[in-house]
Number of protein chains: 2
Amino acid sequence: MISSIAELIADRLGTMPAGERRAAQTLIASYPMIGLKTVAEFSAAAGVSSPTILRFVARLGFQNYPEFQSSLQDELAAQLQSPAIRTLNPPSPGGGTVSPMLEATLDNMRETFRHLSDKQLADIAARLADRRGKTFLIGGRFTDPLARYMAAHLAVIQPDVFHLAGQESMWRDRLIDMGKRDVLVIFDIRRYQDSLVRFAEKAHQRGVQIVLFTDQWLSPIARFARHVIAGRTAVPSAWDSSAALFVVAETLIGAVTRQLEADGARRIREMEELR
Amino acid sequence: MISSIAELIADRLGTMPAGERRAAQTLIASYPMIGLKTVAEFSAAAGVSSPTILRFVARLGFQNYPEFQSSLQDELAAQLQSPAIRTLNPPSPGGGTVSPMLEATLDNMRETFRHLSDKQLADIAARLADRRGKTFLIGGRFTDPLARYMAAHLAVIQPDVFHLAGQESMWRDRLIDMGKRDVLVIFDIRRYQDSLVRFAEKAHQRGVQIVLFTDQWLSPIARFARHVIAGRTAVPSAWDSSAALFVVAETLIGAVTRQLEADGARRIREMEELR
DNA sequence: GGAGCGCTGTATCGTATGTTACGTATTTTG
DNA sequence: CAAAATACGTAACATACGATACAGCGCTCC
């Protein structure tokens, strides 16, 4: 069973002529980076001519050089997505059905935050904390609860926070209340919902700033979004996981709260008194 | 100090026009693989034209596209050589607001699952998968979205799943439908809601089996509950975190789905056809 | 409401890149 | 040792890729 190109090379190294073997060895030496560069650079590094490189990749079974490079890239991408943690920490022994799921979820969160800079979060928090405009939240079939969760918290610390619920026609009518200073927070992961995309487009046309929570493949709404948060969703289950997005949402709630601390504290106190 | 291209992008994201920002966001979402492909592929993935991609890399300070790709490759190479240190987002100086929050959340989850045996989860899953009775879900002020999230998934794979929403009087009337074979899933964390406690007590008197999601200090509902899941909620924020409970909920959803696999698969297929 | 600016996409261009044909060198075999 | 076959590099070629000029559009600011 040969899965990686490195194995493929090791397998056929014996049957290769001298020149191609040099190519193979230089590739293995700094695997796989040299293979991502141009044929000219590869050949120079290996000390052979370009045609030798091409014959080399042909012998590995590739039709042409770009195809070979794509394979290397795919391999790299797969390698980057399953963090070293999983290979370093062997699946915890006794492995019930639980721990793989938990481990994957924890990985997802780390990975999600790795692609999310503090600055980006701070920007979004600042936008959400800006009280000149209204804040609307909405989500898809399975993610709407996340929108509700976020709305429930934001509504406590600032006015003009609205969760858009119910039928599509209901929230479509709310578009009339939305303008440039307003923010629309949308949750949309696979399979992306047409109704949400349409809604986002119309909101965008009205100048509403869109904050999108989506998965790593990006909902089409990313086209209209001012800010995009891409969370990892893959877990060993029949369903995708929204846990990473949930944690991002909580982080944002915390950040907004901190920004509004002065105002927010007074507001919360007033609320307590109203009870 | 800006060392990686990802940081560079995060830094200038705010000053970019819409099209280039879309390029930036798609790059970050699947960093850095898209940047290694051709301009045409990059532009297609981002939904913009090729010149926009080129203007984007120019704004980052690169003379041309190949130079940009070389930088990405160098970064990748450095990253691959020291697999332990994966520095996409280095610990932000000046105390990032993010990482303490994330770390605390991850700890909460590990700790929550440490106190939760596989058997316990399997028992609850089996109870939820038992189709002889109905399943009701409800939550408190901030946790009701979790109930909704769970209900949305369970309702797909089995009939008779009901989320109790709206006014207290509304769900109190639903008590009449509940009996011994039924399950009531309640989410209740500090500050525990009287209305939920009252409701749980009445349901308990009718013989309903209660599954309680609560925090480590246990809601008073634990008195009536057949199963109690205690999640850690403490994070460095003004709010408690429900993330650990969320992950438990997802785990349960996955377990129930697996148990109902045969029936569930047919059900999901039928649903698809109804669209 | 009008003028100016900036952003974006279409179409075109030059070139670097991968590819192929061919001749020379090197090894292998009878 | 000779002859054939295989391997390798040089040089010419075609293509696909990145780069650029330009026009249309929307937005902001008078």
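Computed from a predicted model, the values in this text were never measured in an experiment. Each chain gets a letter, A, B and so on, in the order its sequence line appears, and its residues count up from 1.
Ring pair B:F42/B:F68 is parallel by interplanar angle, where below 30° counts as parallel and above 60° as perpendicular.
Note that CZ of A:R21 and CD1 of A:I9 are 13.0 Å apart. Values are rounded to the nearest 0.5 Å.
Looking at A:T26, its side chain never comes within 3.5 Å of a backbone N or O of A:A45 through a donor-acceptor pair. Proximity of a side-chain donor or acceptor of A:H115 to a complementary backbone N or O of B:I28 within less than 3.5 Å is detected. Under the 3.5 Å distance criterion, the side-chain polar atoms of B:Q25 are left unmatched by any main-chain donor or acceptor of A:I229. Counting only distance, with no hydrogens or angles, the side chain of A:S4 and the backbone of A:E7 share a donor-acceptor pair below 3.5 Å.
Salt-bridge annotation for A:D177 and A:K134: absent, with no side-chain N of the basic residue lying under 4.0 Å from a carboxylate O of the acidic one.
Across the protein-nucleic acid pair, B:F68 atom CZ and D:dC17 atom P stand 17 Å apart, rounded to whole Å.
Partners of B:E67 under the side chain to side chain donor-acceptor pair (under 3.5 Å) rule, at least two apart in sequence or in another chain, do not exist in this structure. Here A:R59 pairs with A:E20 under the salt bridge (charged side-chain N to carboxylate O under 4.0 Å, His left out) rule; sequence neighbours left out.
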Below 3.5 Å between N/O atoms, which protein atoms pair up with nucleotides 7-14 of chain D? Just atom names and distances, please.
| residue | atom | partner | partner atom | Å |
| --- | --- | --- | --- | --- |
| D:dC8 | OP1 | A:A18 | N | 3.2 |
| D:dC8 | OP1 | A:G19 | N | 2.5 |
| D:dG9 | OP2 | A:S49 | N | 3.2 |
| D:dG9 | OP2 | A:S49 | OG | 3.0 |
| D:dG9 | OP2 | A:T52 | OG1 | 2.7 |
| D:dG9 | N7 | A:R55 | NH2 | 3.3 |

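Taking the ring axis of A:F162 as reference, the NZ or CZ atom of A:R174 stays within 45° of it and closer than 6.0 Å to the ring centre.
The residue among A:K180 and B:Y65 whose nearest nucleotide of DNA chain D is located toward the 5' end is B:Y65.
Pairing each heavy atom of A:L252 with each of A:L121, the nearest pair is CD2-O, 3.7 Å.
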Exercise for review: Decide salt bridge (charged side-chain N to carboxylate O under 4.0 Å, His left out) for A:E261 and A:R258; before the verdict, give the C-alpha distance in whole Å, the side-chain angles of both, and the deciding distance to 0.1 Å.
Suggested key: CA-CA 5 Å; A:E261 203 146 352; A:R258 215 167 302 117; 5.7 Å; no

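In summary, the aromatic rings of A:F142 and A:W239 are positioned with their centroids under 6.0 Å apart.
Of all nucleotides in DNA chain C having an atom under 4.0 Å from a heavy atom of chain A, the first and last in 5' to 3' order are C:dT17 to C:dT20.
Of the residues in residues 32-43 of chain A, none lies under 4.0 Å from DNA chain D by heavy-atom distance.
In the helix from C:dG1-D:dC30 to C:dG30-D:dC1, the rotation axis of the first five pairs and that of the last five pairs differ in direction by 30°, rounded to 10 degrees.
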